[in-house]
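Notes follow once the structure below has been shown.
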Amino acid sequence: LEESRAGEAAGHPENPSPEGSADHQSEHVPKHLLIEEAQRYIDSKIEYSDELDLSPEEARESALASLDDLDAGSANATTLMPAVEEPSKVATRYSREAYIEGTPAQKARAQADAEERERKIKSFAQQTEKKRRNRKRGAVIAIIICIAAIATAVGVFLWMQNDSAAKAHEQVNLKVELTIPGYTEGQATPVPIKVLGNDVDGNVVDQVVLITPSQNTIPLTGGKYSVTSAGSPITTEGAIYTCPTDNYTVTVENGTAYVNDVESEVISFAFEQIPADQVTDEQVQAAYDWMVAAGMSDSVTQPYCDAVFTARKTAQSILAAKTEAEARAQQDAAHSSDYYMETDYYTDDIPNIWGGYVEYSESWNGSDYIVSIHMSGNPNLELASIHRYPIPGGSKDSLGTTDYPIAFSVDSDGYRYSIKAKPWAYLLKDGSEGYGISDDMRSQLIALSTGNIISASSVSSHTDQQLIDASTSYMKKTLGATFKLKPQDQGQGQ
């Protein structure tokens, strides 16, 4: 500055004031330096426009707006911006002495200013690059976070889907409680249980599961099923059972079982043993069929079936013997009746319902011995007659006819004993005309001759043969059942 003033005093003024007066001596910077400095800043801004994600025009506008931050010597934005746009309008507010061209002070100041500008430009560029990198890094981090969030969401969704699918296919063990009298595990076939329905995937399920009282669970996955008994087990002793008719609806959802819409994992079947003498061939065949369908060989199934047939035959023999013994006991007990009849050849009991209404009488017809059981005081109204005649031989009256059929007969020592039944229900079906009896007597004869099975009012609803059979059947069950030959005349009844 001193050098500038000295030069000016020596008559070498530099950059004189436009007006040449001290009042108007304004500080100014040479136009070319201001323009050069501003242009350098703008060029730097445009150079980094790509990194700043700006177009060249946007970078130029940004530089102009940022000149407030740039201290070009003593210049500010109001002096720089006009200089950049219109160099002729540069203000001269700086001391001309500070910028005397060619002086050491000018050179030092210009050098310092240039270095400061370069430093600020580099600093600005570094800050801009740092901001750009930070923004880029932030964007990358944001993208990574978004990707991670999406991946997490997808993972959670897939996990939930897989977990839901796993639960839908989760298996439950349905317990089947069995009640089977006379059943001993290891000494009988397993019990077949049928499962029919659809699983959660829509697949048809149709299977027979073999269980025992100790191994009695059926695994079921998600779905809806009908569970029923598929057949009767058979024991080694020949016991066979009626199949229960229970039909359970079992629904499995997410590992939970519902039986008939109630949450439960237990069902039950109760089998009833069929009396051995009442077992049918069809029931045995049905048991054989399910065993074959289950894959059991004949060497296993046949012994079970044979055991059933053997048990049935034994039971039927026992029952027949028991029935015979009961009939014999009934006959023996009948002798204590008040209506007891005895002849030289046999004894017999009179049905209790005949008591007070009948009497009997004896007669001979040649070699035939005849006992007539008839209404009291009226021998012509017989209910039955017992004939004894030699074989061969016998009178015509001893033979059976439609009007007087034979209900029972027995042969012994060359003689035949026949019980004939008078079928009054058949004879009086159309009324009592021709017999000279009252309606009351007609009713009594029909009732007594059939054991009250048929009445006078219902006689017309039966066929002739039914009416005849009613009388012969009743006489056989009564007089025939209690007829006993005396020791010298015992024989075989028919």
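One-based numbering along the sequence shown. Keep in mind that this is a model prediction, so the values were computed, not measured.
- Under the 4.5 Å side-chain criterion, counting only non-hydrogen atoms from C-beta, L445 is in contact with L383.
- Residues L178 and Y183 form no side-chain contact, since every pair of their non-hydrogen atoms from C-beta on lies 4.5 Å or further apart.
- Side-chain polar atoms of Y404 and S385 form a donor-acceptor pair below 3.5 angstrom.
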Indicate every side-chain donor-acceptor pair of residues 192-200 with a distance under 3.5 Å to a residue at least two apart or in another chain.
unit_1: K194; atom_1: NZ; unit_2: D206; atom_2: OD1; d: 2.7
unit_1: D199; atom_1: OD1; unit_2: D201; atom_2: N; d: 3.0
unit_1: D199; atom_1: OD1; unit_2: G202; atom_2: N; d: 3.1
unit_1: D199; atom_1: OD1; unit_2: N203; atom_2: N; d: 2.8
unit_1: D199; atom_1: OD2; unit_2: N203; atom_2: ND2; d: 3.2

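- P405 is listed as a side-chain neighbour of P423, based on a closest heavy-atom distance under 4.5 Å.
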Where do V300 and M291 land on the side-chain contact (heavy atoms from CB on, under 4.5 Å) test, with the steps shown first? CA-CA 9 Å; V300 176; M291 286 190 286; 5.9 Å; no
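- Smallest separation of non-hydrogen atoms from L210 and W290: CD2-CZ3, 3.7 Å.
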Given the rule in the side-chain contact (heavy atoms from CB on, under 4.5 Å) test, do L448 and M375 qualify, once you have shown the distances and angles that lead to the verdict? CA-CA 10 Å; L448 293 176; M375 299 298 290; 4.0 Å; yes
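- Expressed to the nearest 0.5 Å, how far OG1 of T343 lies from NZ of K486 amounts to 6.0 Å.
- Residue pairs meeting the salt bridge (Lys or Arg N to Asp or Glu O under 4.0 Å) criterion with at least one member in residues 266-289, sequence neighbours excluded: D281-R312.
- S232 contributes a side-chain N or O that, together with a main-chain N or O of Y241, makes up a donor-acceptor pair within less than 3.5 Å.
- Side chains of N260 and V262 form no contact here, defined as non-hydrogen atoms less than 4.5 Å apart.
- In the displayed structure, E237 atom CD is contacted under 6.0 Å by at most 12 heavy atoms of other residues, nucleotides or ligands.
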Would Q302 and C305 count as a side-chain contact (heavy atoms from CB on, under 4.5 Å) if you check the C-alpha gap in whole Å, the side-chain angles of each, and the deciding distance to 0.1 Å? CA-CA 5 Å; Q302 199 58 50; C305 294; 4.3 Å; yes
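- Between R442 and A456, the closest heavy-atom pair is NH1-CB, 3.7 Å.
- Looking only at distances, a side-chain donor or acceptor of T189 sits under 3.5 Å from a matching main-chain atom of I234.
- Residues I446 and S455 come closest through the heavy atom pair CG2-C, 4.0 Å.
- Using the six-membered ring where Trp is involved, F269 and Y248 have ring planes that are perpendicular, over 60° apart on the 30 and 60° scheme.
- Across D403 and K422, no two heavy atoms sit closer than the pair O-CD, 4.0 Å.
- Distance CZ/R388 to OG/S412: 8.5 Å, rounded to 0.5 Å.
- Legend: ring pair (Phe, Tyr, Trp, His ring centres under 6.0 Å) pairs involving residues 425-453, not counting sequence neighbours, sorted by first then second residue: W424-Y435.
- A donor-acceptor pair under 3.5 Å links the side-chain atoms of T472 to the main chain of D469, judged by distance alone.
- In this structure, NZ on K224 lies 9.5 Å from CD on E253, to the nearest 0.5 angstrom.
- Annotation for Y357: atom OH does not count as buried by contact number, only 12 or fewer foreign heavy atoms lying within 6.0 Å.
- Annotation: side chain of Y360 is not in contact with side chain of V358 (no heavy-atom distance under 4.5 Å).
- When side chains are defined from C-beta on, I373 counts as touching L479, because their heavy atoms get closer than 4.5 Å.
- Distance alone, capped at 3.5 Å, is enough to place a donor-acceptor pair between the E185 side chain and the S214 backbone.
- Note: D348 CG to I386 CD1 = 5.0 Å, rounded to the nearest 0.5 Å.
- Once rounded to the nearest 0.5 Å, the distance linking OG1 of T463 with CD1 of I468 reads 8.5 Å.
- The side-chain heavy atoms of H374 and E359, taken from C-beta on, include a pair separated by under 4.5 Å.
- Of the N and O atoms on the side chains of D368 and Y415, not one donor lies less than 3.5 Å from an acceptor on the other residue.
- Under the 3.5 Å distance criterion, with hydrogens and angles disregarded, no donor-acceptor pair is assigned to the side chains of T249 and D261.
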Go through the steps for I437 and L428 under the test side-chain contact (heavy atoms from CB on, under 4.5 Å), then give the verdict. CA-CA 10 Å; I437 60 176; L428 300 175; 4.0 Å; yes
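- Using a 4.5 Å heavy-atom cutoff, the side chains of L174 and Y225 are not in contact.
- When all heavy atoms of I370 and H387 are compared, the pair lying nearest together is CG1-ND1, 3.5 Å.
- Relative orientation of the Y417 and Y345 rings is tilted, given thresholds of 30° and 60° on the angle between their planes.
- Side-chain N or O atoms of S443 include one that pairs as donor or acceptor with a backbone N or O of D439 at under 3.5 Å.
- Counting heavy atoms of neighbouring residues, nucleotides and ligands inside a 6.0 Å radius, atom NZ of K429 exceeds 12 of them.
- Formation of a donor-acceptor pair under 3.5 Å by the E265 side chain with backbone atoms of K175 is not found in this model.
- A donor-acceptor pair is defined here as one N or O able to donate and one able to accept, closer than 3.5 Å; no such pair exists between the side chain of S458 and the backbone of I454.
- Separating the CD1 atom in I274 from the OG1 atom in T280 is a distance of 7.0 Å, to the nearest 0.5 Å.
- Heavy-atom minimum distance, D246 versus T228: O-CG2, 3.7 Å.
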